[in-house]
Amino acid sequence: MGTKFIAGNWKLNPAEINQAKELAREVRDRTANCSKVNIAVCPPFISLPAVAELLRESRIAVGGQDLYWEEAGAYTGAISAPMLKSAGCSYVIIGHSERRQYFGETDETVCRKLYAALKGGLKPIVCVGETLQQRKAGQLHDVIRTQVTEALRGMDETSLGDLVVAYEPIWAIGTGVTATPQQAQEMHAYIRSLLNDHFSHALAMTTPLLYGGSVKSDNATELLSQNDIDGALVGGASLKVDTFVPIIESGEELS
Ligand code: PEP
């Protein structure tokens, strides 16, 4: 069991930059004793510079929730890898199911964004996950294999040293329903086997695989104790220090 990685995805929250700074400050202060677990928070774009500045001397990294694959140009509303870098990000989430569902993200755009993130020196957190309907129809492995394979299409293993993959079953995101540790472990092992098949045993073993989907303080330890679960991508519970910090502490204990 290696070092765990706990990342908070704040989504479209909080409403104000000052509130984002306050949340970041609380997480920073309440985790000051954590010396092993890796931690990141992913606030909305608008709050990134302020949050990154506040966390500059801390162990907490900052990530964007999305990026566009072009670096600059006439792309109204887009944010590029160099912009995220200059805002203080070291991570970026790519292909979150909400981006796929509401913003037209496809496996192809995920792949383009992954190239752009790697080129821009950002550590990508690539999200994959199936719907309940797909799971019930027995398409679980096909869906995950396609998402992983297409996201990594054409990639050179040497560029993937900072890759992070998050397995997030869509039916577990924001629903309060968590995958059982066994269900999550099975899919993490499967994703590792895909990395092994496409690249190498070394890459498969060193790529952190995060579980996401209603992770809470009362299920974090059991999930994080599974062999192939290296961390958690936390949505709702990352928005309050009292619910996020215990998850980080579970990661610290298991690191
Ligand atoms: C997420 O958005 O990545 C997520 C896992 O959300 P939640 O923890 O709220 O299910």
Side-chain angles (χ1 to χ4, degrees), residues 1-11 27-28 30-31 33-43 55 58-65 89-97 114 117 122-129 144 147-148 151 160-169 172-174 178-195 203-239 241 243-255:
M1 243 184 276
T3 305
K4 300 294 180 188
F5 177 31
I6 309 296
N9 173 16
W10 293 359
K11 311 190 186 191
V27 174
R28 180 194 67 189
R30 290 267 303 271
T31 57
N33 290 334
C34 295
S35 57
K36 293 177 282 184
V37 62
N38 290 322
I39 312 166
V41 293
C42 302
L55 298 177
S58 78
R59 298 184 61 255
I60 306 177
V62 176
Q65 297 174 15
C89 290
S90 47
Y91 286 93
V92 62
I93 298 172
I94 300 176
H96 190 280
S97 62
L114 178 52
L122 291 163
K123 299 176 188 172
I125 302 174
V126 176
C127 300
V128 297
I144 300 302
Q147 289 178 352
V148 170
L160 293 176
D162 287 327
L163 175 69
V164 179
V165 178
Y167 170 61
E168 300 205 303
I173 296 181
T178 315
T180 64
Q182 294 70 30
Q183 286 172 321
Q185 163 58 30
E186 195 223 325
M187 292 318 292
H188 281 229
Y190 181 61
I191 292 167
R192 242 188 250 296
S193 78
L194 293 173
L195 294 175
L203 190 83
M205 296 315 288
T206 53
T207 300
L209 303 183
L210 313 185
Y211 168 77
S214 298
V215 175
K216 305 261 183 311
S217 57
D218 59 6
N219 58 29
T221 297
E222 208 186 346
L223 285 160
L224 293 171
S225 300
Q226 304 303 307
N227 264 348
D228 290 296
I229 301 188
D230 303 308
L233 182 54
V234 185
S238 72
L239 291 174
V241 71
T243 48
F244 193 37
V245 168
I247 298 172
I248 296 171
E249 287 169 345
S250 291
E252 173 76 6
E253 270 169 39
L254 293 164
S255 291

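- At distances below 3.5 Å, at least one donor-acceptor pair connects side-chain atoms of T243 with backbone N or O atoms of A237.
- Between G129 and Q147, the shortest heavy-atom distance links the atoms N-OE1, 2.8 Å.
- When every heavy atom of L210 is checked against every heavy atom of F5, the shortest pair comes out as CD2-O, 3.6 Å.
- Side-chain atoms of K216 do not come within 3.5 Å of backbone N or O of G236 as any donor-acceptor pair.
- For the pair R59 (side chain) and V37 (backbone), a donor-acceptor distance under 3.5 Å is present.
- S250 and T221 share a donor-acceptor pair across their side chains, judged by distance under 3.5 Å alone.
- Judged by distance alone, the side chain of Q226 and the main-chain N or O of Q182 form no donor-acceptor pair under 3.5 Å.
- Taking both residues in full, the closest heavy atoms of S217 and I247 are given as N-CG1, 3.8 Å, listed atom of the first, atom of the second, then distance.
- Each of V165, V148, V128 was evaluated against L194; a single residue qualifies, V148, per the side chain to side chain contact (heavy atoms under 4.5 Å, CB included) test.
- Counting only heavy atoms from C-beta outward, the side chains of L239 and F244 never approach each other to under 4.5 Å.
- Rounded to the nearest 0.5 Å, atoms CD1 (I191) and CG (D228) are 9.5 Å apart.
- Considering OG1 of T207 and CG of D162, their distance stands at 10.0 Å, rounded to 0.5 Å.
- Not counting sequence neighbours, S193 has no partner by the side-chain hydrogen bond (donor to acceptor under 3.5 Å, both in side chains) test.
- The nearest pair of heavy atoms linking L114 to L163 is CD1-CD1, 4.4 Å.
- Using a 4.5 Å heavy-atom cutoff, the side chains of I248 and V27 are in contact.
- Using modelled atom types, one side-chain atom of S238 and one backbone atom of G235 make a donor-acceptor pair closer than 3.5 Å.
- Considering every non-hydrogen atom in both P169 and G212, the closest pair reads CD-O, 3.4 Å.
- Side-chain N or O atoms of Q65 include one that pairs as donor or acceptor with a backbone N or O of C42 at under 3.5 Å.
- Atoms CD and CD, on Q185 and E222 in that order, are 12.0 Å from each other to the nearest 0.5 Å.
- Note that the CG atom of L203 and the CE atom of M205 stand 11.0 Å from one another [nearest 0.5 Å].
- The line from CD of Q183 to CG of L223 is 10.5 Å long, rounded to the nearest 0.5 Å.
- None of L224, I229, L233, N219 except one satisfies the side chain to side chain contact (heavy atoms under 4.5 Å, CB included) rule with Y211; the exception is I229.
- Rounding to the nearest 0.5 angstrom, the gap separating the NZ atom in K11 from the CD1 atom in I173 is 6.0 Å.
- Aromatic ring pairs are classed by plane angle as parallel below 30°, tilted from 30° to 60° and perpendicular above 60°; the pair Y167 and H188 is perpendicular.
- A side chain to side chain contact (heavy atoms under 4.5 Å, CB included) with N38 is found for one member of T3, I60, D230 and no other, namely T3.
- K4 and G231 make their closest contact through CD-N, 4.4 Å (heavy atoms, listed as atom of the first residue, atom of the second, distance).
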